[in-house]
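Reviewing the structure listed below.
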Amino acid sequence: WSDLSNIAFDPNYALFKNTEGALMYPNPSSKLAHGSDHIVLFEFLGRILGKALYEGITIQPQFAHLFLSFLRGNHTYLHLLTDLSTIDPQLYGNLMFLKTYEGDVSDLCLTFTVANDDFGV
């Protein structure tokens with residue numbers, strides 16, 4: 001279990017990413033690293049984690065709150081913005097600033113672009 005866990009949950013393996021607080025969540029770019037097999041890998045890890053929980057084995061990774069909410073099925077779209085703070089605190093802070101900004105938004109010259117740096121590409 002420990003060898004599999006060390007490989008599968010290593011951020012360099014590209015199935016999971018870490019938040020600033022070292023909590024894990026699925027890497028949205030995992031398909032770039034593993035092709036169409038990334039779904040099969042997630043299914044396999046899910047089965048391994050399920051068996052470990054069933055047998056009372058303590059698992060190594062600590063998952064982000066947003067990811068755990070989706071796994072439990074109790075996610076609501078009302079809390080997505082608040083849960084975003086556990087994944088990307090800077091983005092959350094900037095969105096909260098915009099939400100409460102009392103000036104003219106056009107003065108901020110915002111473009112709302114997203115730049116991804118996935119595996120150096």
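Residues passing the side-chain contact (heavy atoms from CB on, under 4.5 Å) test with Ser85, sequence neighbours excluded: Tyr92. With sequence neighbours excluded, the residues satisfying ring-ring contact (aromatic ring centres under 6.0 Å, His included) with Phe67 are Phe63. Judged as a ring-ring contact (aromatic ring centres under 6.0 Å, His included), and not counting sequence neighbours, the contacts of His34 are Tyr13. Considering only residues two or more places apart in sequence or on other chains, Glu20 meets the side-chain contact (heavy atoms from CB on, under 4.5 Å) condition with Pro89. With sequence neighbours left out, the side chain to side chain donor-acceptor pair (under 3.5 Å) criterion links Asp104 to Ser106.
One hydrophobic cluster, built from ILVMFWY side chains closer than 4.5 Å, cannot hold both Leu23 and Leu68; they sit in different ones. In terms of hydrophobic clustering, with Ile, Leu, Val, Met, Phe, Trp and Tyr side chains grouped at heavy-atom distances under 4.5 Å, Ile39 and Leu32 are assigned to different clusters.
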Could you list the donor-acceptor pairs under 3.5 angstrom formed between side-chain atoms of residues 93-102 and any protein atom two or more places apart in sequence or on another chain?
residue: Asn94; atom: ND2; partner: Gln90; partner atom: O; Å: 3.4
residue: Thr100; atom: OG1; partner: Met96; partner atom: O; Å: 3.1
residue: Thr100; atom: OG1; partner: Phe97; partner atom: O; Å: 3.4

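Between the side chain of Asn27 and the backbone N or O of Ala14 there is at least one donor-acceptor pair closer than 3.5 Å.
Listed by first then second residue, pairs satisfying salt bridge (charged side-chain N to carboxylate O under 4.0 Å, His left out) with a partner in residues 33-53 read Lys51-Glu55, not counting sequence neighbours. The ring-ring contact (aromatic ring centres under 6.0 Å, His included) analysis of residues 35-57, with sequence neighbours excluded, yields the pairs Phe16-Phe42.
Annotation: the span from Asp88 atom CG to Leu66 atom CG amounts to 11.5 Å, rounded to 0.5 Å.
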